[in-house]
Amino acid sequence: MTSIILAGPRGKMGREAVQLIRETETFELAAAVDSKNAGKQLAELPGMPDEQALVYDDMRTCLEEAEADVLVDLTTPSAGKQHLELALDHHVRPVVGTTGFTDADIERLREKAEEKELGAIIAPNFAVGAILMMKLSQIAAKYFSDAEIIEMHHDNKLDAPSGTAAKTASMINEIRPHKLQGHPEEKEQQEGARGAETDGLRIHSVRLPGLVAHQEVLFGGSGQTLKIRHDSYNRQSFMPGVKLAVEQVMQVKTLVYGLENIIE
């Protein structure tokens, strides 16, 4: 049985994660961390199932008092960073579904996880289909050197570009030679019109109500184009990836950044 602390249970992802834990025979909810409602049982929170797990408003206290194997953090980028490190300090394996980690952050935290011989997973996207979209885009980059990414999310998303778009660009640029795309003398008549630039590749972020999580990778070549697209229409689409991450974090002794590294 894998005992789990869940951070962010009242969020849209958090609510789905509560159901995932309840429905998975090998998972149990040890405690929850929420910015409000400290001292209550999770069942007392509006819209929550009859789940008897104590709610804390402080991650350190929760980790000190609740016995758990894994922390699933579905909060914010700033909180996710702090919670990941606290979890490692308390010998709990973190699975973090937020973005905002720099390369330096990842390297430092990987060294810490390996020193403690603990698994840790940071997943910019938990949707298995999105991971396949990223891997297929990397394959396509061997044959198409011109590519642009359009990522579309709900209007409450805090970061732009998304972690998935940034990770996709990084994976493409591992294969694709550096190239400034478009006309060499092109000029933006309005700043930002060509999107963010990373090693010559452009990323465009769309934020609208009604969207959940969507991404297109567009490749162009002589006389042809290729489009690779993934759409998440609800947060249930992320739960198989959360389940996979919780299971795999118990098997590794390093920090893994991106589910593509644990999907064969």
Side-chain angles (χ1 to χ4, degrees), residues 77 96-110 121-153 157-207 211-232 237-238 241 244-245 248 252 254-264:
V96 179
T98 59
T99 55
F101 291 86
T102 66
D103 290 343
D105 289 333
I106 293 167
E107 185 57 35
R108 179 178 60 82
L109 292 167
R110 180 174 287 123
I121 294 176
I122 301 171
N125 196 318
F126 280 114
V128 173
I131 305 308
L132 295 174
M133 175 265 298
M134 295 160 68
K135 293 173 78 73
L136 291 171
S137 296
Q138 189 177 47
I139 293 171
K142 296 178 183 178
Y143 307 98
F144 292 86
S145 60
D146 289 81
E148 303 214 3
I149 298 170
I150 305 171
E151 58 94 349
M152 298 155 279
H153 285 80
K157 186 169 178 60
L158 297 176
D159 55 329
S162 69
T164 299
K167 181 65 174 176
T168 306
S170 175
M171 291 173 65
I172 289 173
N173 284 332
E174 288 176 10
I175 303 299
R176 166 187 174 275
H178 173 75
K179 180 179 181 180
L180 292 174
Q181 296 175 179
H183 195 284
E185 297 181 9
E186 76 173 8
K187 295 182 179 179
E188 289 183 326
Q189 300 303 314
Q190 188 166 338
E191 185 178 356
R194 289 287 289 118
E197 185 266 330
T198 172
D199 205 20
L201 186 152
R202 298 285 181 168
I203 303 176
H204 309 268
S205 296
V206 177
R207 298 290 178 266
L211 296 173
V212 178
H214 317 263
Q215 180 168 298
E216 290 183 2
V217 186
L218 305 176
F219 293 92
S222 179
Q224 62 180 320
T225 60
L226 172 66
K227 179 192 293 184
I228 302 174
R229 177 173 175 129
H230 175 262
D231 297 277
S232 284
S237 65
F238 302 121
L244 175 65
Q248 290 298 310
V252 298
T254 186
L255 185 148
V256 176
Y257 181 68
L259 290 192
E260 70 277 3
N261 295 301
I262 59 174
I263 291 179
E264 296 181 359

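What you see is a predicted model; the values in this text were computed from it and never measured.
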- Item | Which atom of Thr168 lies closest to which atom of Ser137, heavy atoms considered | CG2-CB, 4.3 Å
- Message: Side chains of Asp105 and Thr102 only: does a donor on one sit below 3.5 Å from an acceptor on the other?
- Response: yes
- With sequence neighbours left out, the residues meeting side chain to side chain donor-acceptor pair (under 3.5 Å) with Glu186 are Arg194
- Could you give all pairs that pass the salt bridge (charged side-chain N to carboxylate O under 4.0 Å, His left out) test and reach residues 123-134, with sequence neighbours left out? none
- Listed partners of His183 passing side chain to side chain donor-acceptor pair (under 3.5 Å), at least two apart: none
- Out of curiosity, Lys167 NZ to Ile149 CD1, how far, rounded to the nearest 0.5 Å? 12.5 Å
- Value rounded to 0.5 Å, distance of CG in Asn173 from OG1 in Thr198: 5.0 Å
- Message: Could you check whether any side-chain N or O of His214 sits under 3.5 Å from a backbone N or O of Val212, counting only pairs where one atom can act as donor and the other as acceptor?
- Response: yes
- Just jot down the salt bridge (charged side-chain N to carboxylate O under 4.0 Å, His left out) partners of Asp159, sequence neighbours excluded, or say none. Lys157
- For Ala245 against Phe126, the heavy-atom pair lying closest together: CB-CE2, 4.0 Å
- Any donor-acceptor N/O pair, Glu197 side chain to Asp199 backbone, under 3.5 Å: yes
- Query: From Glu216 CD over to Glu148 CD, what is the distance, rounded to the nearest 0.5 angstrom?
  - Reply: 12.0 Å
- Heavy atoms of Gly195 and Glu188 approach each other most closely as N-OE2, 4.1 Å
- Partners meeting side chain to side chain donor-acceptor pair (under 3.5 Å) with Thr254 (sequence neighbours left out): Glu114
- In Å and rounded to the nearest 0.5 Å, what is the CD1 to CD1 distance from Ile175 to Ile139? 9.5 Å
- Query: For Ser237, what residues pass the side-chain contact (heavy atoms from CB on, under 4.5 Å) criterion, not counting sequence neighbours?
  - Reply: Ser232, Asn234
- Item | Which residues share a side-chain contact (heavy atoms from CB on, under 4.5 Å) with Lys179, sequence neighbours left out | Ser145, Asp146, Arg176
- Side-chain (Gln181) to main-chain (Ala147) donor-acceptor, under 3.5 angstrom: yes
- Task: Could you grab the distance from atom CD of Glu260 to atom CE of Met134, nearest 0.5 Å is fine?
- Result: 4.5 Å
- Minimum heavy-atom distance Pro161-Ile203, with the two atoms named: CB-CG2, 3.7 Å
- Across all chains, not counting sequence neighbours, the side chain to side chain donor-acceptor pair (under 3.5 Å) partners of Arg110 are none
- Excluding sequence neighbours, so at least two apart, what forms side-chain contact (heavy atoms from CB on, under 4.5 Å) with Phe144? Phe219, Gln224, Leu226
- Query: Where do Ala130 and Asn125 come nearest, in terms of heavy atoms and distance?
  - Reply: CB-ND2, 3.4 Å
- Task: Kindly write out the residues that satisfy side-chain contact (heavy atoms from CB on, under 4.5 Å) with Leu109, not counting sequence neighbours, or none if the list is empty.
- Result: Leu84, Glu85, Phe101, Leu255
- Task: Could you check Gln248 against Val256 for side-chain contact (heavy atoms from CB on, under 4.5 Å), going step by step and ending with a plain yes or no?
- Result: CA-CA 10 Å; Gln248 290 298 310; Val256 176; over 6 Å; no
- Find out whether Lys227 and Leu218 are in side-chain contact, i.e. whether some heavy atom of one side chain is under 4.5 Å from a heavy atom of the other. yes
- Query: How far does CG of Asp231 sit from CE of Met133, to the nearest 0.5 angstrom?
  - Reply: 9.0 Å
- Test salt bridge (charged side-chain N to carboxylate O under 4.0 Å, His left out) applied to Arg207 - qualifying residues, sequence neighbours left out: Glu151
- Query: Does the pair Leu244 and Ile263 meet the rule for a side-chain contact (heavy atoms from CB on, under 4.5 Å), with working shown?
  - Reply: CA-CA 9 Å; Leu244 175 65; Ile263 291 179; 3.9 Å; yes
- Note on the structure: All heavy atoms of Leu180 vs all of Gly200, minimum pair found to be CD2-CA, 4.0 Å
- Between the main-chain N or O of Ala166 and the side-chain N or O of Ser170, is there a donor-acceptor pair closer than 3.5 Å? no
